[in-house]
Amino acid sequence: MTTDTTPTVLFVCVHNAGRSQMAAAFLTHHAAGRIAVRSAGSEPAHQLNLAVVEAMREVGIDITAERPKLLTPDAVQTADVVITMGCGDTCPFLPGKRYEDWQLDDPAGLGLEEVRTIRNEIETRVRILIAELLGPQETDE
């Protein structure tokens, strides 16, 4: 990553139906084009988790147009930062990339109240990531 290019962040989880979708949506929203955002899953689901869609709607972010996507080697190769969320050994590792593993509960099968807690934790972590990548003054909207 260089200072004259937009950093790229890839969020990865197994199904790309919950955690990684929320993280990508928050980063897209809060970074407002200053960071390129992708998300993918090692075994993508057929659709987004409906509780996740509702939890994001509650904070004014519509992710209904998003679809789970398959993780590709190219997505990892072109990312500056790879954030994994529970995909373990199925997440590819490439030397020279910045990796973080966010230990977060999987929202699959959870009710809206539990998903809200996960959503709020993800937003906090995304704001910290933005500050790390762009500087602390860049986290305000």
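Separation of atoms CZ (R67) and OG (S39) is listed at 12.5 Å; rounding is to 0.5 Å. To the nearest 0.5 Å, the span separating OG1 on T6 from CG on L133 amounts to 11.0 Å. The structure places CD of Q21 at 10.0 Å from CE of M85, a figure rounded to the nearest 0.5 Å. A distance of 12.5 Å separates OG1 in T124 from CG in L129, rounded to the nearest 0.5 Å.
Side chain of K97 to main chain of Q77: a donor-acceptor pair is present (N/O by atom type, distance under 3.5 Å, no hydrogens or angles). In this structure a side-chain-to-backbone donor-acceptor pair under 3.5 Å is present from R19 to L104. Side-chain atoms of H29 never come within 3.5 Å of backbone atoms of I61 as a donor-acceptor pair (strictly under, hydrogens ignored).
Here the shortest heavy-atom pairing between G86 and D101 reads N-OD1, 3.9 Å. The nearest pair of heavy atoms linking A23 to V126 is O-CG2, 3.8 Å. Residues W102 and I83 come closest through the heavy atom pair CD2-CG2, 3.3 Å. Counting all heavy atoms, side chain and backbone alike, L112 lies closest to E54 at CD2-CG, 3.9 Å. Nearest approach of P107 to G18, heavy atoms of both residues: CG-CA, 4.0 Å. Residues A75 and T78 share a closest heavy-atom pair of O-OG1, 3.4 Å.
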The test is side-chain contact (heavy atoms from CB on, under 4.5 Å); show your working for F11 and N16 and say whether it passes. CA-CA 9 Å; F11 294 102; N16 190 225; over 6 Å; no

Start with the C-alpha distance between V12 and S20, add both sets of side-chain angles, then the distance that settles side-chain contact (heavy atoms from CB on, under 4.5 Å), and finish with yes or no. CA-CA 6 Å; V12 183; S20 57; 6.0 Å; no

Might you work through the salt bridge (charged side-chain N to carboxylate O under 4.0 Å, His left out) test for R98 and E100, ending with a clear yes or no? CA-CA 7 Å; R98 173 180 165 185; E100 290 184 26; 2.4 Å; yes

Output, in order, the C-alpha distance, side-chain angles, deciding distance and verdict of side-chain contact (heavy atoms from CB on, under 4.5 Å) for V9 and L27. CA-CA 9 Å; V9 175; L27 187 56; 3.7 Å; yes

Can you list the steps and then say if E132 with R127 is a side-chain contact (heavy atoms from CB on, under 4.5 Å)? CA-CA 9 Å; E132 291 171 357; R127 287 182 176 277; over 6 Å; no

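Looking at E121 and M22, their side chains never come closer than 4.5 Å, going by heavy atoms from C-beta outward. At least one side-chain heavy atom of V59 sits less than 4.5 Å from a side-chain heavy atom of F26.
Looking at N49, L50, L48 one by one, the single match for side-chain contact (heavy atoms from CB on, under 4.5 Å) with V52 turns out to be N49.
Between R119 and E58, at least one side-chain nitrogen of the basic residue sits less than 4.0 Å from a carboxylate oxygen of the acidic one, meeting the salt-bridge criterion.
Between the side chains of R57 and T64, no donor-acceptor pair of N or O atoms lies under 3.5 Å.
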